Number of protein chains: 2
Amino acid sequence: MGVGQRGNIVQSLDRALSILEELSRHDSGLGVTDISSVLGLHKSTVYRLLHTLMIRGYVEKIVSTEKYRLGLKIIELGQKRLESTEIRSEARHYLVKLMEETNETVHLCVLDNREVVYIDKVESSNTVRMYSRIGRRAPLYCTGVGKAILAFWPEEEIKKYVKEKGLSRKTDNTITELNQLLKHLEEVRQKGYAVDNEEHDPGIRCVAAPVQDYTGNVVASISVSGPTTRIAEDQVKLLAAKVKKCALNISKQLGYNP
Amino acid sequence: MGVGQRGNIVQSLDRALSILEELSRHDSGLGVTDISSVLGLHKSTVYRLLHTLMIRGYVEKIVSTEKYRLGLKIIELGQKRLESTEIRSEARHYLVKLMEETNETVHLCVLDNREVVYIDKVESSNTVRMYSRIGRRAPLYCTGVGKAILAFWPEEEIKKYVKEKGLSRKTDNTITELNQLLKHLEEVRQKGYAVDNEEHDPGIRCVAAPVQDYTGNVVASISVSGPTTRIAEDQVKLLAAKVKKCALNISKQLGYNP
DNA sequence: CTTTATAGTTTCATAATACGAAACACAGTT
DNA sequence: AACTGTGTTTCGTATTATGAAACTATAAAG
């Protein structure tokens, strides 16, 4: 492979990871030919990679349909990684308390590759289903947890992010203009919390605050989320105070010294 | 690669999966040379595979130590696989009820590669920490959830399992003789439930029952577990009745028709 | 019942890739 | 200043992974 080409990527590993990700998008499984078509790989190549993944337990065949799907080994590694996430165990106690105080769903997110990844979630007994799921990712520009992190980036990095990732509209409320976003993030910085006013999902409001580590860097964020029918705009300030306090407690737990 | 050699395994993929698994055993991360030593691979090979895994998000570097660890992408795939496990969503409601009735921790396991894998867990408010974790595996011969499945295998398959996997002692109570195990499994079959009397962990008792799918095959098991100080031997029968009932409800949910 | 189409699986020649040896860069230790 | 160990890069080539072709199995169509 040309060195300048793919920056020293191991091709067969790269292909196998693409297979795993494609399988992760299809709960009911895929066949060899399906994967071959989607990924533009020869079916004998797909077969051979699947076979290796199967032997190692990362892929399995659904008995009834003979389609391939992710194997249980992936759960094992995923759970191990999740449980070894230090901030998750440090924060858990505070997240549970915040959920009890507010009776709304609480999230903990970390930054990864210019997206937030949900790594903990304490669900309230209220029954409206939240879209968020542990392990999933979400954009920075249109979620509370994302803006709570993005607000503390240097302006040049925010601009670079917007240039490379774009600001695609998710709802009628999504901010899609750079200057409007910058102004908004200035407010987030000043107030110390971010609000997602149905910018990512219609009908869902989220109040979020940044979490800092012992160096003072913003490395995570937490939020309280619920339907706009339960989290009215005039309640945001009260809620924000609670979220900020919780975030500060977690930050201190991580060694942050304000 | 000789066909007879490795049964059509893609070597570089196989190696990369070994790297991922080794990283999963070390919360605080590993260096290139560490991995090279443990896996017997050349350090430039390890470096190249790690680099590809990093680019794809499956491995990341810990900023403070510059060691490598599993990346957050692995959580994403693991959670997606977990959430698409049909039996898990079908069973959840019943597991929660069983926990409320017993106020002990409840597990759901599925069979995979002659081990059980924990795929759900409903923890009671009691504070004794259970060893079990979602995603983790456990042997069949010395856990309640395992024996609840093993009991319904043909005797020849049980013998093959014992021959190939062995019956290594975990506690003073572990059954380590084939004939004793066979006799015990006969009882499990007759009673319809299995008990782990500190066979896997000292001080922990577990009462488990098999879950059948629409074909009648035993595909999973559920259990109630707790310390022997709370689950006395004379309570096992009462508990077993509740566990069996719950398992039957889940089986019916899966289309089992007794 | 026969034929056709499609998906999955296997084989094999070879081009391309991944490998490992060697070298280099850097940081920590002596 | 010299040495040691780890991480990273380069390069020649042996080995591997690839894809084309063929085979097998199953389902669908005529």
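Keep in mind it's a predicted model, so treat the numbers as computed, not measured.
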Any ion pair linking A:Glu156 and A:Lys163 (charged N to carboxylate O, less than 4.0 Å)? no

Go through the structure and list residues passing side-chain contact (heavy atoms from CB on, under 4.5 Å) with B:Ala220, not counting sequence neighbours. B:Ile87, B:Leu108, B:Val110, B:Val211

Carboxylate-amine/guanidinium contact B:Lys160 B:Glu155, below 4.0 Å: no

N or O in side chain of A:Ser12 less than 4.0 angstrom from D:dT16 OP1/OP2: no

B:His93 meets the side-chain contact (heavy atoms from CB on, under 4.5 Å) criterion, sequence neighbours left out, with B:Lys97

Rounded distance in Å - OH (A:Tyr68) to C1' (C:dA7): 10 Å

Are OP1 or OP2 of C:dG8 and a side-chain N or O of A:Tyr47 less than 4.0 angstrom apart? no

Counting primed atoms, P, OP1 and OP2 as sugar-phosphate and everything else as base, the B/S/- map of nucleotides 20-28 of chain C against protein heavy atoms under 4.0 Å is BB-B-----

Just the rounded figure in Å: distance from C1' of D:dG7 to NZ of B:Lys67. 10 Å

List the steps, then state whether side chain to side chain donor-acceptor pair (under 3.5 Å) holds for A:Tyr47 with A:Thr52. CA-CA 9 Å; A:Tyr47 186 84; A:Thr52 302; over 6 Å; no

Can you tell me how far P of D:dT9 sits from NE2 of B:His51, to the nearest Å? 8 Å

Basic-acidic side-chain contact under 4.0 Å: A:Glu76, B:Arg137: yes

Could you tell me whether B:Arg56 and A:Asp14 have a side-chain N and a carboxylate O separated by less than 4.0 Å? yes

Residues touching DNA chain D, which here means a heavy atom under 4.0 Å, drawn from residues 32-39 of chain B: B:Val32, B:Thr33

Give the rounded distance in Å between these two atoms: CG of B:Asn8 and C1' of C:dG8. 14 Å

Starting at CD1 of B:Ile19 and ending at P of C:dA18, how long is that distance when rounded to a whole Å? 13 Å

Rounded to the nearest Å, what distance is computed from the CG atom of residue A:Asp14 to the P atom of nucleotide D:dT18? 11 Å

Spacing of B:Leu30 atom CG relative to D:dG5 atom P, expressed in whole Å: 19 Å

Side chains of A:Gln253 and A:Tyr94: is there a donor and an acceptor less than 3.5 Å apart? yes

d(CD, A:Gln11; C1', D:dT15) in whole Å: 15 Å

Residues B:Lys73, A:Asp112: salt bridge by 4.0 Å N-O rule: no

Give every residue pair that meets the salt bridge (charged side-chain N to carboxylate O under 4.0 Å, His left out) criterion with at least one member in residues 141-153 of chain A, sequence neighbours excluded. A:Lys147-A:Glu199

Taking NZ, NE, NH1 and NH2 as the nitrogens, is one of them in A:Lys252 or A:Glu90 under 4.0 Å from a carboxylate oxygen of the other? no

With each end axis built from five pairs of C1' atoms, what bend angle do you get for the helix from C:dC1-D:dG30 to C:dT30-D:dA1? Round to 10°. 30°

